[in-house]
Amino acid sequence: MTHTNTPDRNADFYTNANKGFAMAINGFRISVQWGPGNYVDREIRNNDYDAPMQHSIWGCDTAEVMIWDRNDDPLFNLVPIDHDTNMHDKEKLDANRGYTDQVFGHCNSDCVARIISTLVNCGDEDPLRAIAQIYNASFNNK
C-alpha cells in the first residue's frame with residue numbers, strides 16, 4: 001500500500017487508515033483519531049490495529065486529538081513527572097498552560113468542534129490556554 005497520494009507536501013486534509021483525519025487550520029495542523037491504540041473508548045482502543053480497515057464505516061464515541069503549531073512542532077509538549085517527588089516540571093507545565101501531555105484523549109465531538117473553532121478564530125493569539133480549558137471543561141459537563 002502506498003503511504004500517501006501527496007508525498008511531496010502536506011495536504012490540507014488527509015485520512016489515516018479509516019480511523020481518523022487531519023487538517024490544516026489557520027497555520028496549525030490538527031489530528032483527530034479514533035482507532036486502536038488511540039486514547040478512546042476501551043472496546044475500540046484495545047481492538048486489532050487492522051480492524052478499521054476491515055469496515056467501510058468505523059466509528060467511536062471519543063477521539064484523541066493532537067495539534068501541531070505553525071512551525072510543525074507539537075503545540076503541547078509532554079511534561080515529565082519526577083516520580084520521587086510526584087511533581088511535574090513547573091516551567092514546562094506553565095508553558096503548556098497546566099496540561100501535561102501532547103495529546104488530548106477521550107474527547108467527545110463537542111470538545112473536538114470547540115478545539116477546531118479555537119484554532120480557526122485565534123488569529124495571532126496563543127490558543128493553548130483556551131484549548132486546555134475546553135478539554136478540561138468537557139469532562140465537567142458529563
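- Smallest separation of non-hydrogen atoms from A51 and W58: CB-CH2, 3.7 Å.
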Residue pair L128, Y99: steps toward the side-chain contact (heavy atoms from CB on, under 4.5 Å) verdict: CA-CA 9 Å; L128 274 78; Y99 190 66; over 6 Å; no
Test side-chain contact (heavy atoms from CB on, under 4.5 Å) applied to W34 and E64, step by step: CA-CA 6 Å; W34 57 88; E64 172 186 297; over 6 Å; no
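- Looking only at side-chain heavy atoms (C-beta outward), E91 and D89 come within less than 4.5 Å of each other.
- For the side chain to side chain contact (heavy atoms under 4.5 Å, CB included) criterion with R29, the lone passing option out of D69, I67, N10 is N10.
- In the hydrophobic clustering of this structure, F76 does not group with W68; members are Ile, Leu, Val, Met, Phe, Trp, Tyr whose side-chain heavy atoms approach within less than 4.5 Å, directly or through other members.
- Clustering ILVMFWY residues whenever any of their side-chain heavy atoms sit less than 4.5 angstrom apart, transitively, puts Y14 in a cluster other than the one holding M53.
- Using cut-offs of 30° and 60° for the angle between ring planes, the H106 and Y39 rings count as tilted.
- For the residue pair I44 and G59, the shortest heavy atom distance occurs at CD1-O, 3.8 Å.
- Atom CG of D12 sits about 8.5 Å away from atom CE of M23, to the nearest 0.5 Å.
- In this structure, S117 contributes its side chain and A113 its backbone to no donor-acceptor pair below 3.5 Å.
- Using a 4.5 Å cut-off on side-chain heavy atoms (C-beta onward), S138 and F104 make no contact.
- Within the 4.5 Å cutoff, the side chain of N108 has no heavy atoms near those of the D61 side chain.
- Side-chain atoms of T100 and N96 form no donor-acceptor pair, as typed in the model, at a separation below 3.5 Å.
- At a threshold of 4.5 Å between non-hydrogen side-chain atoms, the residues N38 and T62 do not count as touching.
- Separation of atoms CG (N18) and OG (S56) is listed at 8.0 Å; rounding is to 0.5 Å.
- Looking at R70 and N26, their side chains come closer than 4.5 Å, going by heavy atoms from C-beta outward.
- No continuous path of ILVMFWY side-chain contacts below 4.5 Å connects M66 to F13, so the two sit in separate hydrophobic clusters.
- Ring-plane geometry between Y135 and F139 is classed as perpendicular, the angle between the planes exceeding 60 degrees on a 0 to 90 degree scale with a lower cut at 30.
- If you take CG on N46 and CG on D48, they are separated by 11.5 Å, rounding to the nearest 0.5 Å.
- Here R129 contributes atom CZ and T118 contributes atom OG1; the two are 13.5 Å apart, rounded to the nearest 0.5 Å.
- D94 pairs with exactly one of R97, K92, K90 by the side chain to side chain donor-acceptor pair (under 3.5 Å) rule, that one being K90.
- Note on L75 and L78: separate hydrophobic clusters, where clusters join Ile, Leu, Val, Met, Phe, Trp and Tyr whose side-chain heavy atoms are under 4.5 Å apart, directly or indirectly.
- V40 approaches G35 most closely through the heavy-atom pair CG2-O, 3.7 Å.
- Enclosure of atom CG in D73 by more than 12 non-hydrogen atoms of other residues, nucleotides or ligands within 6.0 angstrom is indicated.
- Tested against V65, the residues I116, I30, V103 include a single side chain to side chain contact (heavy atoms under 4.5 Å, CB included) partner, I30.
- Distance check: C60 SG to K19 NZ gives 11.0 Å after rounding to the nearest 0.5 Å.
- Just one residue in the list D110, I25, I134, V32 forms a side chain to side chain contact (heavy atoms under 4.5 Å, CB included) with I115, and that residue is I134.
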